[in-house]
Structures are given as C-alpha cells and as structure tokens.
Participant: 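Structure provided below as structure tokens; questions to follow.
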Amino acid sequence: MKILVINCGSSSLKFQLIDTVSEALIAKGLCERIGIDGSRLVYTPAGGEKQITEVEMQDHTQAIKQMLEALTGENAGVVKSLDEIGAVGHRIVHGGDKFASSTLITDEVISAIESCNELAPLHNPANLLGIAACQELMPGTPMVAVFDTAFHQTMPEEAYLYGIPYEYYKKYRVRRYGFHGTSHSFVSARTAEVLGEKYEDLKIIVCHLGNGASISAVKNGKCVDTSMGLTPLEGLIMGTRSGDIDPAIVEFLAHKEKLSIDEIMNILNKQSGVLGLSDGFSSDFRDIEDAFEAGNEDCVRALKAFALRVVKYIGAYTAEMGGVDAISFTAGVGENSPILRRMICAYLGIELDEEKNTKRGEDVVISVPGSVSKVLVVPTNEELAIARETLALVK
Ligand code: AMP
C-alpha cells in the first residue's frame with residue numbers, strides 16, 4: 001500500500017508518500033507560506049530532481065490540492081490516480097491524556113483533538129486544518145491520527161505530575177505530556193533491534209537532539225519519563241527554547257524589564273536556548289559548533305551548557321530506571337554531531353570508538369566493546385513510523 005504522511009503546521013505542510021511493502025520513500029515535499037504572499041511548493045520524487053513551483057495557496061485546502069496535483073502530475077507524478085493512495089497518516093502534536101495510541105480518524109476523534117487545542121494552540125488547530133482539507137479532497141480515503149504525546153502516556157503518575165496543587169491537574173489536566181513520542185518510540189525499538197536484544201528486557205535512554213530537543217527513559221518497552229512537559233518548553237536547552245528554569249525568573253524579569261507574561265514566554269520560546277546563551281550568535285547547532293571549534297567564547301558557553309543539561313537528564317533517568325543498557329542519540333544534532341556526543345559521553349565516563357563516532361546516516365554502536373552502557377546513533381524516521389502506525393490501523 002502507498003501511504004501519504006502529512007505534517008501540517010500553521011503556514012507550512014510537509015508530506016511524504018511511502019510504500020509500505022518496501023518502506024521506501026516514493027516522493028516528498030513541502031508547501032511553504034500557506035496563506036502568505038510568496039507561497040510555493042517544493043516537490044521531490046524519489047531519485048528525481050527537486051522542483052520548486054511558486055503558486056498561490058490561500059489556505060490548507062489549496063496547499064493539499066497542489067500536493068495532490070504534484071503527486072499525480074504528468075511530468076514528475078508518482079501515482080496515476082489518487083485511488084493508489086491507500087491511507088493518510090496525520091501527525092498530531094497534542095493528544096492530551098485522551099490518546100495513548102494512534103487512532104482511525106472519525107468525527108468523535110476530531111472533537112477530541114479539538115478539545116486538546118488549548119494545550120497546543122499553535123499546532124493542533126493547524127493539524128486539524130490538514131485533516132479537514134484531506135477529507136474534502138480525498139473523500140473515502142481512511143485517515144489515521146498519530147500523536148506526538150501518545151508514546152509517553154505510559155508514564156506513571158509520579159513522573160507526570162508537577163509539585164503544584166493537585167486541583168490544577170483535576171481541573172485543567174496540567175501535567176507532563178511529553179513530545180517527539182513517535183521518534184522516541186521508533187528509536188528505542190530500533191535500538192533493541194540493532195543490539196539484537198528484546199525490547200521488553202532493556203533500559204534505554206533516547207536523546208532526541210534537534211532544534212527542539214527532548215530525552216526519554218524507556219524501560220521494558222514503555223516510556224517511564226520524558227523531559228518535555230505540558231508544552232515543549234520544558235527540559236533540555238534547545239535551539240531557541242530555554243528548557244528548565246526557575247519559574248520565579250518569569251516574575252523577576254517581568255518586573256525588571258517591565259514585560260508582560262506573553263512577552264516573557266516569547267523570550268523563553270524564541271530568544272533563549274543556545275541562541276540566548278551564545279548572546280545571539282545563532283540558534284543553529286552547526287553554526288554554534290563551528291564557532292565552538294574556532295574557540296568563540298559565546299559558543300563554547302552555549303554548547304557546554306547544552307551538553308551538561310543532557311548529562312543531568314541521563315543521570316536522573318539512569319537512577320530512575322535502576323541502570324541503563326543503552327543510550328541512543330537521534331535527530332539533527334544527535335545524529336550529526338560527534339563533538340556533542342563526545343562531550344556528553346566524557347561526563348558519563350563512557351569511552352567512544354572515535355571512528356564509529358564520525359559515521360553518519362546509519363545505525364551504529366559508537367561505544368567501545370565491553371561498555372557497561374552501550375551508546376548508539378540511531379537515525380530517526382518519524383514519517384516511516386507514522387506510515388507503519390497508519391498501515392497497522394487500516395489493514
Ligand atoms: P532537527 O530539528 O532534528 O531537524 O535538527 C536541526 C538541527 O540539527 C539544527 O540546529 C542543525 O544545525 C543541526 N545539525 C544538522 N546537521 C548538523 C551537523 N552536521 N552538526 C551539528 N549540528 C547539525
């Protein structure tokens with residue numbers, strides 16, 4: 001079967017068409033600047049040239065129409081008709097505590113996703129626009145919702161509750177949810193496969209280090225803790241997000257700088273992380289690393305703080321699970337940055353095979369043989385994970 005995977009943001013839409021038998025990518029693309037002047041479609045059939053088409057896309061329905069025309073087009077199309085697309089898998093950011101697994105999309109499911117909108121006001125409404133547009137343009141094609149939060153729903157109460165009045169959990173469901181769940185699930189399961197061990201027997205820590213970064217503890221095949229919280233702001237230091245801070249800083253800065261809560265939240269989400277720590281140098285880890293190697297003090301400070309925060313979480317999760325068999329690095333930074341992996345593992349006292357540590361784009365154990373805890377690089381593939389989940393539900 002061919003499955004279309006859609007990740008719909010407020011003004012952009014990423015898509016991949018995947019063959020579920022070979023698990024190969026058939027085509028991928030991106031609609032940018034939806035509803036904004038200068039919108040365009042970037043489309044790449046597997047093995048073919050990237051095509052960029054400037055085309056007006058006033059809303060998500062028009063964007064999906066352009067995507068479907070590209071997939072069926074005469075020149076670079078990859079399917080003869082839309083009937084060849086067996087199902088659509090939608091990435092949904094927040095499923096609250098309503099969804100512990102992926103689900104076929106029905107009217108009730110759409111209402112339940114809507115009820116989580118206030119937990120992810122930037123993401124969920126956009127995800128729903130993608131679903132509505134597909135329902136309009138591909139009527140009758142089964143659709144599945146795959147949630148970023150679902151994998152983390154197995155966390156025990158003591159891991160997901162905050163130390164604030166319990167009343168706010170009961171009234172508003174204020175608790176840790178965690179994100180990047182599809183990636184944490186995919187990478188932890190793959191870690192067991194690469195090691196040739198049973199997933200259910202292992203204690204695994206997954207470090208999803210990208211522009212957004214999170215870490216999770218997966219014990220016996222189930223997530224027991226994760227670093228992102230009610231929102232993706234908590235936990236690790238990220239590209240532009242602060243991660244953990246003393247909550248009293250919000251009030252302190254509001255008074256000192258005469259800022260509103262919204263302005264402070266904007267600073268914590270968009271001007272903090274390695275961007276803020278490097279005194280505005282860059283939020284991009286490649287830039288930070290290049291400057292780090294050249295001895296730029298701002299970037300040395302930012303990268304060291306980033307690495308230490310990861311180390312603290314690895315320590316906490318190792319204690320929480322009573323040990324760790326494997327630590328897996330994934331996502332843009334985790335997969336591509338030998339320097340950061342070296343900095344983190346140096347703290348942990350784990351020796352790396354430096355030749356393996358420089359490999360890219362493949363599953364690889366980078367710790368030296370005999371290491372008590374193994375360290376791996378496992379490229380994530382959230383789209384493939386969504387396609388697998390979708391297939392399992394529509395079969
Ligand atoms: P993601 O959010 O997973 O797409 O990751 C994006 C981040 O990965 C960006 O900050 C990139 O700079 C970073 N990244 C990609 N390639 C490299 C690399 N070779 N070395 C360091 N960071 C990288």
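Order of listing sets the numbers, starting from 1, for every ligand and every atom in it. Every heavy atom of this structure was used, including side-chain atoms; hydrogens, water molecules and symmetry mates were not.
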Participant: For I350, enumerate each residue passing the side chain to side chain contact (heavy atoms under 4.5 Å, CB included) test, keeping only those at least two apart in sequence or located in another chain.
Facilitator: I327, C345, L348, S367, S371, S373, V375

Participant: Can you sort out which atoms of ligand 1 are near V333, meaning under 4.0 Å from one of its heavy atoms?
Facilitator: 7 (C), 8 (O), 13 (C)

Participant: Using the ring pair (Phe, Tyr, Trp, His ring centres under 6.0 Å) rule, collect all pairs that involve residues 271-298, keeping only residues at least two apart or in two chains.
Facilitator: F285-F306

Participant: Any idea which heavy atoms bring I215 and V310 closest together, and the distance?
Facilitator: CD1-O, 4.1 Å

Participant: Among F99, F147, F179, exactly one meets ring-ring contact (aromatic ring centres under 6.0 Å, His included) together with H94. Which residue is that?
Facilitator: F179

Participant: For atom 10 (O) of ligand 1, what is the closest protein heavy atom, and at what distance to 0.1 Å?
Facilitator: F285 N, 3.0 Å

Participant: Under 3.5 Å between any N/O of S337 and any N/O of ligand 1: does that happen in this structure?
Facilitator: no

Participant: Using a 3.5 Å cut-off on N or O atoms only, is D284 in polar contact with ligand 1?
Facilitator: yes

Participant: Hey, is atom 8 (O) of ligand 1 touched by any protein heavy atom at less than 4.0 Å?
Facilitator: yes

Participant: Contact between R175 and M155 at the side-chain level, heavy atoms closer than 4.5 Å - yes or no?
Facilitator: yes

Participant: Counting non-hydrogen protein atoms only, what is the nearest one to atom 20 (N) of ligand 1? Give residue, atom name and distance.
Facilitator: N336 O, 3.5 Å

Participant: Run the contact test for R360 against ligand 1 with a 4.0 Å cut-off on heavy atoms, strictly below, and give the result.
Facilitator: yes

Participant: Using the side-chain hydrogen bond (donor to acceptor under 3.5 Å, both in side chains) rule, pick out the option among D148, T182, N127 that qualifies with R91.
Facilitator: D148

Participant: For the 3.5 Å polar cut-off, considering only N or O atoms, please tell me whether G332 and ligand 1 meet it.
Facilitator: yes

Participant: For the pair Y172 and Y168, name the ring-plane relationship: parallel under 30°, tilted 30 to 60°, perpendicular over 60°.
Facilitator: parallel

Participant: So which of E289, E335, E382 gets nearest to atom 21 (C) of ligand 1, if we judge by its closest heavy atom?
Facilitator: E289

Participant: Provide the number and element of each atom of ligand 1 under 4.0 Å from a heavy atom of N211.
Facilitator: 1 (P), 2 (O), 5 (O), 6 (C), 7 (C)

